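A note on names: the letters A, B, ... follow the listed sequences, proteins ahead of strands, and every chain is numbered from 1. Quick caveat, the model's predicted, so the values are computed rather than measured.
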Amino acid sequence: MACFPALSRSLKSISSVSSISLKKFSNSFMIITNYAKMGTSSHSSTISEYLRNDRLDEARRVFDKITSPDVYIYTMLISGYCRNNKTNEALNLFYRMPTRDVVSWNSMIKGCLDNGDLNKAYDLFNQMSERSVVSWTTMVNGFLQFGRFELAEELFECMPSRDIAAWNSMVLGYCRSGRIKDAFNMFKRMPSKDVISWTMMIGGLDQCGKSDEALSLFRDMRGVGVDPTSSTLSSVFTACANISALERGVQLHGHLFKSGYVFDAFISTSLMTFYAKCKQIESCLKVFQENLVSNVVMWTALVTGYGLNGMHEEALDVFKNMMKEGIVPNQSTFVSALNSCCGLEALDRGKEIHTKAIKLGLFLDVFVDNSLIVMYSKCGNLDYGVNVFNNMNEKNLVSWNSIIVGCAQHGGGMLALKYFDQMAQSGVQPDAITFLGLLTACSHSRMLDKGKYVFDLLNRDPSIEVRLEHYASMVDIMGRSGQLKEAEEFIKNMPIKANSMVWLALLSACKLYSNLEVATKAAQYVLDLDPHDSAAYVLLSNLYASACRWNDVSRIRVMMKGRGIIKQRGASWVTLKGSKHVFNSGDISHPLSRKIYQKLDSLSGKLKEFGYVPDQRFDLHDVENEQKEVSLFYHSERLAIGFALVSTVEGSTIRVMKNLRVCGDCHSAIKLMSKIVGRTIIIRDSSRFHHFKDGDCSCGNYW
DNA sequence: CTAGGGTTAG
């Protein structure tokens, strides 16, 4: 209220304007307009044509030639300036106008609002001598858009007359800021509703996560005989998509189809997304193919649809095809395509798409850049992600979260904290994901004190809900530092009940420190809470094995068998020139197998010279239970590295992905290998990235 | 396209 001390007073005087006088006013004005139009119609159409193409300077040149431009032409130009964020030019013209009508005032007010100047807009509004219902609605909308709900309400209540559009503005304003209850009250209060009112309310409910209520409101709407429009149906299909209401959506789709409904791009796109989210990718494709028009949004929906169904190759094919068809991808398309690169862990493909984004001038788009950061870090190239991040003009919460999480996954704990500092300086408020990233960073870099500090910060921020993931991460941090008892106490003192994830973090730490006593308790909790968590069995079994408690080892194995728990088979892969080369332990199926084994054998000789002694414990009962008879030297990650060594340029970075954890013996061997071959070897295992370089690993040997 | 209210991809 502080900004607008005069509101209540001015509203009182304003509200005395009767709707009757407003009507008279606009009628008489229409005559003037039409008269004026006749004299300058040729100029007016030229200017209009220029403005349509945002050629402001040319429009202005024509305008300047007119000796006495009428209100209509002035207003046209003012609106043109406003649309192109040139409020000052618009205002200059506005003040220069010999006479102003209600439309020019309204245009100017809207322009100020669109360019972020609420004060100026309200100033103008107050200066008006005659206001139409549009003036009021524009101003109400302004307050709503700026989150000034009290002012919007006050102004709305003061309106001398309200039409449906005015009411709809209130409903929409509330919906857009998540005030769904207020929106619904307003909706119910409306003296009469049109299809737009219903549509907005349906869409609003859906966007607030109340998709089922949205669908039942749609039923109500049909019950009172209101016919849906394309907008309504789009929102309805989106609601069906959001709650995977396959049957409901299919029914409606069929019904519309049978009634000969003409599907426009909006409905088709929402239908596609509906089918994609319901895992009906064929139907999604069918809608796409059957639609007569196709635009970038529909193509993007198809790219995303394949991505949602895990068909990332297909998604990228669609991305390629759309460009072949001459459709120019936009930010959203790039976001989806890059997301599929993540799904494929295909750094090369990601780079290609990055190059295309640059060519299309989208390299400073915050959404594209955020996706690039995630893509690069997930595909194993944090440096490129950092580079994108550092060059961004505008960074939002997602940008900061992406870079912090990226650093965390790559073991860059200090870097993550550095970015957190910068984030605070930039004034972006952290959220639950930021803190999860920071805690992961501390855990992966074994930073106990920093971790405690971060956790404390999190707890002191009342706006962020501390979730189980945060607790699990904190347990991880304490556990990796060997504070097993403390971690156990911490879990017992949690304000919310720990789940299996939290106890599993403790169990992992017990494995690291061979603490059977705490491990037994932790394992009990994990298995009680989630009897199908195979990780818990594996950890426990390995713990018993390293303590040579073979009876317990076989007891666990029997238990697993009885409960039908199968350990995942270890696999590692390298993506090279778009193809993925997958290796299992002892694999000899790859065409280059002979060369790979030769390479590894010659390397193992050198490894011994560097003092490497194979750790047979991992051979007998390693974390992934790769076949015992297979020598340690041929674990899947080593085969993948061998492949990369014989297929890539000397000195280049090697990137390997693995589905399980790297075994301890491989970890020591790969460290030395990185030194011997003079290569950086980056391995992403099931929980993080390891950067092997010069005989060392970024994980500090705890992972 | 001289002014106010709704829809699709992310």
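- Counting only heavy atoms from C-beta on, Thr238(A) has its side chain closest to dA9(B) among dA9(B), dG5(B), dG6(B).
- Residue Ser197(A) places no side-chain atom within donor-acceptor reach of the base of dG6(B), judged by atom type and a 3.5 Å distance cut-off alone.
- In terms of phosphate contacts, Arg176(A) brings a side-chain nitrogen or oxygen within less than 4.0 Å of OP1 or OP2 of dG6(B).
- If you take CZ of Phe274(A) and P of dA9(B), they are 13 Å apart, rounded to a whole angstrom.
- Taking the side chain of Thr300(A) as heavy atoms from C-beta on, and the options dT7(B), dA3(B), dA9(B), the nearest nucleotide is dA9(B).
- Within 3.5 Å, a donor on the side chain of Thr199(A) pairs with an acceptor on the base of dG6(B), or the reverse.
- Between Ile196(A) atom CD1 and dG4(B) atom P the separation is 13 Å, expressed in whole Å.
- Note on Ser371(A): nothing from the nucleic acid sits closer than 4.0 angstrom, heavy atoms only.
- Atom P of dT8(B) sits at a distance of 23 Å from the matching atom of dA3(B), rounded to the whole Å.
- Rounded to whole Å, the separation between the P atoms of dC1(B) and dG6(B) comes to 15 Å.
- Among dA9(B), dG5(B), dC1(B), the nucleotide with an atom closest to any side-chain atom of Met200(A) is dG5(B).
- Between the P atom of dC1(B) and the CZ atom of Phe63(A) lies a distance of 20 Å, rounded to the nearest Å.
- With dG4(B), dT2(B), dT7(B) as the choices, the nucleotide that has an atom nearest any side-chain atom of Ser235(A) turns out to be dT7(B).
- Every pair passing side-chain hydrogen bond (donor to acceptor under 3.5 Å, both in side chains) that includes a residue from residues 363-374 of chain A is listed here, sequence neighbours excluded: Gln331(A)-Asp365(A), Asn370(A)-Asn396(A), Asn370(A)-Ser399(A).
- Sorted by residue number, the members of residues 329-346 of chain A with any non-hydrogen atom under 4.0 Å from DNA chain B read Asn330(A), Ser332(A), Val335(A), Ser336(A).
- Across dT2(B), dG5(B), dA9(B), the shortest atom-to-atom separation from the side chain of Val103(A) is found for dT2(B).
- Spacing between atom NZ of Lys277(A) and atom C1' of dT8(B) amounts to 12 Å, rounded to whole angstrom units.
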Quiz: residues 218-228 of chain A side-chain donor-acceptor pairs under 3.5 angstrom, not counting sequence neighbours:
none

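- Take Gln207(A) and apply the side-chain hydrogen bond (donor to acceptor under 3.5 Å, both in side chains) test, not counting sequence neighbours, and it matches no residue.
- Comparing dC1(B), dG5(B), dG4(B) by their closest approach to the side chain of Asp194(A) singles out dG5(B).
- When each of dG5(B), dG4(B), dG6(B) is scored by its nearest atom to the side-chain atoms of Asn168(A), the top-ranked nucleotide is dG5(B).
- Atom CD1 in Ile202(A) sits about 15 Å away from atom P in dG6(B), given to the nearest Å.
- With rounding to whole Å, Met97(A) atom CE is found 14 Å from dT2(B) atom P.
- Residue-level contact check: Ser230(A) touches the bases, meaning some heavy atom is under 4.0 Å from a base atom.
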Please tabulate, for side-chain N and O atoms in residues 78-87 of chain A, each donor-acceptor pair with protein atoms closer than 3.5 Å (sequence neighbours left out).
from: Ser79(A); atom 1: OG; to: Thr75(A); atom 2: O; distance (Å): 3.1
from: Tyr81(A); atom 1: OH; to: Arg60(A); atom 2: NH1; distance (Å): 3.1
from: Asn84(A); atom 1: ND2; to: Asp54(A); atom 2: OD1; distance (Å): 3.2
from: Asn84(A); atom 1: ND2; to: Gly80(A); atom 2: O; distance (Å): 2.9
from: Thr87(A); atom 1: OG1; to: Asn115(A); atom 2: ND2; distance (Å): 3.0

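- With Lys193(A) contributing its side chain and Phe187(A) its backbone, the two residues share a donor-acceptor pair below 3.5 Å.
- At a threshold of 4.0 angstrom between heavy atoms, the contacts of Asp264(A) with the nucleic acid are absent.
- Minimum atom distance to the side chain of Ser107(A) is reached by dA3(B), of the listed dA3(B), dC1(B), dG10(B).
- Between the CH2 atom of Trp198(A) and the P atom of dG6(B) there is a distance of 18 Å, rounded to whole Å.
- Under a 3.5 Å cut-off, the side chain of Ser340(A) and the backbone N or O of Ala337(A) do not form any donor-acceptor pair.
- Taking only distance into account, the side chain of Asp163(A) never meets the base of dG5(B) through a donor-acceptor pair shorter than 3.5 Å.
- Rounded to whole angstrom, the span from the CZ atom of Phe94(A) across to the C1' atom of dT2(B) amounts to 12 Å.
- Residue contacts shown for Ile164(A) include a base, since a base heavy atom lies under 4.0 Å away.
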Run the side-chain donor-acceptor check on residues 257-268 of chain A: report pairs under 3.5 Å with partners two or more places apart or on a different chain.
from: Ser259(A); atom 1: OG; to: His255(A); atom 2: O; distance (Å): 3.3
from: Ser259(A); atom 1: OG; to: Leu256(A); atom 2: O; distance (Å): 2.8
from: Asp264(A); atom 1: OD1; to: Ser230(A); atom 2: OG; distance (Å): 3.4
from: Asp264(A); atom 1: OD1; to: Phe266(A); atom 2: N; distance (Å): 3.1
from: Asp264(A); atom 1: OD1; to: Ile267(A); atom 2: N; distance (Å): 2.9
from: Asp264(A); atom 1: OD2; to: Ser230(A); atom 2: OG; distance (Å): 2.7
from: Ser268(A); atom 1: OG; to: Asp264(A); atom 2: O; distance (Å): 3.1
from: Ser268(A); atom 1: OG; to: Asn291(A); atom 2: OD1; distance (Å): 2.8

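- A donor-acceptor pair is defined here as one N or O able to donate and one able to accept, closer than 3.5 Å; no such pair exists between the side chain of Arg176(A) and the backbone of Gln145(A).
- Counting heavy-atom neighbours within 6.0 Å of Tyr384(A) OH, excluding the residue itself, gives a total of 12 or less.
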